[in-house]
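Each remark here refers to the structure printed beneath this line.
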Amino acid sequence: MSQAAYQINGQTVGSADFYAVACDPGRSVAVEACAGAGKTWMLVARIVRALLDGTPAQNVLAITFTKKAAGEMRGRLQRELRECETLPDAGLLARLTAWGFSAEQAAARLAGLRELHARVNAQGRMVQVRTFHSWFAALLRSAPLAVLQELNLPLSYELLEDDARATSLVWPRLYRALAGAPVERQDFFDSVAEHGRHQTLKSLENALSKRVEFAMADAAGVVDASVMSFDQLWPELAHVNRPEDALLGEAARQRWLAWARVLGGESLKSPQAAAQAVVDAFELPDEPGHMAHRLAVLRKAFFVASEDRLSRNLAKYEAAQAAEVELQRLCGASHQHQAKLHHQRLTRLTRMLLRVYADLKRERAWVDMNDLEGAAQRLLGDAELSGWMQQRMDARVSQLLINEFQDTNPLQWQALYGWLSAYSGAGPGVAPSVFLVGDPKQSIYRFRRAEPQVFKAAQAFVVQGLGGALLSCDHTRRCSPAVVQTLNVVMQRAVAW
């Protein structure tokens with residue numbers, strides 16, 4: 001990197017202009033910055049500036065993803081405030097300037113910054129530095145009884161930070177439930193027969209890990225409609241219960257036997273073999289129960305083993321080409337039909353699994369992280385409830401800051417969006433000032449359902465919904481330009497060698 005690159009809304013700017021916007025607590029911004037760019041430094045600077053402007057400490061909410069990171073953030077904020085008590089004037093002025101103040105503004109705030117630590121301590125309330133789940137847990141503790149009942153959550157509970165303890169107990173309960181449920185039991189046997197026990201259980205494990213998303217999609221009717229039926233894709237087959245049943249009847253028999261007669265009259269073995277296979281297929285009883293086998297015989301005779309297309313030895317014959325058109329339609333529809341059946345089986349099994357899992361948690365008075373996220377979405381997504389919750393918590397969040405935003409999962413963002421979207425277009429001074437910072441390239445929590453694409457959705461909302469700015473920085477403070485240049489030379493020589 002020969003020159004640090006700073007951008008605001010896609011326009012290149014100098015570092016001073018960049019940090020003046022990034023650290024301004026009066027502006028909502030989404031910052032995409034590389035490793036070592038000073039993401040946490042910017043976050044702490046915004047907090048100190050907000051406190052300096054008179055924002056009550058308890059109205060500042062900073063969120064990160066682990067207890068360790070939250071502790072480190074609290075420590076950095078406290079060190080910053082303590083240092084500002086004892087720094088000489090020149091040091092304080094340099095710090096204020098680095099945070100985006102002009103020289104005149106910095107001079108005017110010098111005394112206030114030196115006294116800020118004592119003033120914040122005298123208030124007796126601290127900045128809220130939390131993990132997502134600790135904040136969600138606080139929301140849940142203040143939730144109305146009716147909401148807890150609606151969400152099927154106990155009044156008194158044990159929080160499961162790791163749900164392995166619960167999931168290890170759910171499978172024997174599922175098997176017991178299947179024993180008394182003939183439809184779901186047959187679904188399980190059919191899935192095992194078709195895909196194997198391992199794959200069936202793996203699919204259910206995946207569904208359990210995405211249980212909140214599944215429940216939301218199911219309630220919205222998305223799950224049942226997510227795999228189309230074959231007659232939606234092939235309307236000409238709407239008159240049959242299964243695609244292969246289109247091979248029933250005299251019309252189908254005569255059509256295929258006519259192709260067979262033409263192919264059987266050829267001199268080569270391949271078309272003759274295909275013709276004989278057609279004859280054999282239509283010697284099967286003309287009954288629905290035999291049509292899947294009839295389709296399988298025809299497919300094997302005409303198509304490449306692993307693909308729905310004519311084998312090379314038949315490709316030049318017009319009769320085979322005509323048969324290919326019908327076979328491709330029937331095979332495609334059959335694949336779709338099997339996919340739909342499998343989807344329906346797993347949907348019913350997943351619904352049962354989630355009921356069993358919910359019963360287990362209710363019996364043990366357990367609440368897991370997914371419950372917290374689902375409850376937060378319910379509490380923050382309702383405008384009336386959100387306002388009531390803020391009053392109960394005795395804090396109106398006027399500054400919201402989220403570090404390492406690339407590790408936010410869709411449900412966490414949906415909970416935040418449900419709350420913040422109520423302020424969309426409200427203008428400055430009404431909506432909380434929002435600071436999101438992260439680097440999609442550094443996402444490390446995929447196993448917790450983190451999705452870097454959420455960052456893009458949040459960036460768009462900050463700009464379009466809150467009238468904020470989109471910032472990006474590829475400057476790192478970890479290595480000087482000289483170190484980077486030296487490393488580049490070494491690597492170039494190594495490649496050439």
Side-chain angles (χ1 to χ4, degrees), residues 186-187 190-196 199-200 202-203 222-348:
Q186 190 60 50
D187 286 334
D190 289 343
S191 181
V192 169
E194 185 174 350
H195 299 283
Q199 288 299 324
T200 297
K202 189 68 176 176
S203 295
V222 173
V223 173
D224 285 332
S226 60
V227 177
M228 299 177 71
S229 61
F230 71 89
D231 57 320
Q232 291 176 288
L233 296 174
W234 289 273
E236 66 272 25
L237 297 176
H239 64 287
V240 296
N241 293 324
R242 298 172 302 178
E244 57 266 29
D245 288 348
L247 293 170
L248 278 168
E250 191 60 25
R253 176 184 298 274
Q254 292 305 321
R255 183 170 60 253
W256 278 91
L257 291 179
W259 291 330
R261 284 192 295 271
V262 174
L263 293 171
E266 300 292 343
S267 59
L268 297 180
K269 291 184 178 180
S270 293
Q272 292 175 359
Q276 185 58 51
V278 172
V279 173
D280 294 342
F282 279 87
E283 284 182 352
L284 293 168
D286 207 26
E287 300 171 357
H290 295 280
M291 291 305 99
H293 184 44
R294 179 177 288 178
L295 178 59
V297 170
L298 294 173
R299 188 195 182 286
K300 182 177 180 181
F302 283 83
F303 282 173
V304 176
S306 59
E307 301 178 39
D308 287 342
R309 63 178 177 85
L310 276 180
S311 64
R312 185 177 58 183
N313 294 331
L314 295 175
K316 65 180 181 180
Y317 300 105
E318 290 185 7
Q321 294 167 8
E324 178 187 27
V325 173
E326 181 166 339
L327 265 183
Q328 285 180 334
R329 178 172 65 249
L330 295 181
C331 289
S334 181
H335 296 328
Q336 186 69 22
H337 185 50
Q338 292 305 313
K340 180 71 172 180
L341 291 177
H342 184 60
H343 173 73
Q344 290 173 330
R345 292 188 202 109
L346 283 181
T347 295
R348 288 189 290 266

| task | Examine distances only and state if a side-chain atom of Q328 and a backbone atom of R309 form a donor-acceptor pair shorter than 3.5 Å. | result | no
| query | Measuring from L233:CG to K340:NZ, what's the distance to the nearest 0.5 Å? | reply | 10.5 Å
| query | Taking everything shown except E250 itself, do over 12 heavy atoms lie less than 6.0 Å from its CD? | reply | yes
| task | Identify, with sequence neighbours excluded, every residue that meets side chain to side chain contact (heavy atoms under 4.5 Å, CB included) alongside Q199. | result | H195
| Approximate separation, where rounding is to 0.5 Å, of R345 CZ and T200 OG1 | 9.0 Å
| L346 and H342: side chain to side chain contact (heavy atoms under 4.5 Å, CB included), yes or no, with the steps? | CA-CA 6 Å; L346 283 181; H342 184 60; 3.3 Å; yes
| note | Output for pair (L268 CG, K316 NZ), nearest 0.5 Å, gives 5.5 Å
| task | Assess whether side chain to side chain contact (heavy atoms under 4.5 Å, CB included) is satisfied between H343 and V223, documenting all intermediate values. | result | CA-CA 9 Å; H343 173 73; V223 173; 4.1 Å; yes
| note | Here the pair of heavy atoms bringing S334 nearest to P243 is N-CG, 3.6 Å
| message | Quick check: closest heavy atoms across C331 and L295, and the distance to 0.1 Å? | response | SG-CD1, 4.3 Å
| How about Q276 and Q272: do any of their side-chain heavy atoms sit closer than 4.5 Å? | no
| query | About how many Å separate CG of D245 and NE2 of H290, when rounded to the nearest 0.5 Å? | reply | 12.0 Å
| task | Side-chain contact test, heavy atoms from C-beta onward, threshold under 4.5 Å: evaluate it for R329 versus L237 and give yes or no. | result | yes
| said: Using only atom types and a distance under 3.5 Å, with no angle test, would you say the side chain of R242 pairs donor to acceptor with the backbone of P288? | reply: yes
| remark: Closest non-hydrogen atoms of L247 and F282, given as atom of the first, atom of the second and distance, are O-CE2, 3.8 Å
| message | Would you compute the distance between atom NE2 of H337 and atom CD of E244 and round it to the nearest 0.5 angstrom? | response | 6.5 Å
| Quick one: does V278's side chain get under 4.5 Å of W259's, heavy atoms only? | no
| message | Looking at every heavy atom in both V240 and A246, which two are closest together, and how far apart are they? | response | CG1-N, 4.0 Å
| said: List the residues meeting ring pair (Phe, Tyr, Trp, His ring centres under 6.0 Å) with W234, not counting sequence neighbours, and say none if there are none. | reply: none
| message | Taking the side chain as everything from C-beta on, heavy atoms only, tell me whether H293 gets closer than 4.5 Å to V297. | response | yes
| query | Could you state the interatomic distance from CG (L298) to CD (E326), rounded to the nearest 0.5 Å? | reply | 8.5 Å
| Is it the case that S229 and D231 place a side-chain donor and acceptor less than 3.5 Å from each other? | yes
| task | Return the minimal non-hydrogen interatomic distance between E324 and L310, and the atom names on each side. | result | OE2-N, 3.3 Å
| Closest non-hydrogen atom pair, Q232 against M228 | OE1-CA, 3.3 Å
| Any side-chain heavy-atom pair of Q344 and T347 under 4.5 Å | no
| remark: For D286, the side chain to side chain contact (heavy atoms under 4.5 Å, CB included) test, sequence neighbours excluded, returns L248, R253, M291, R294
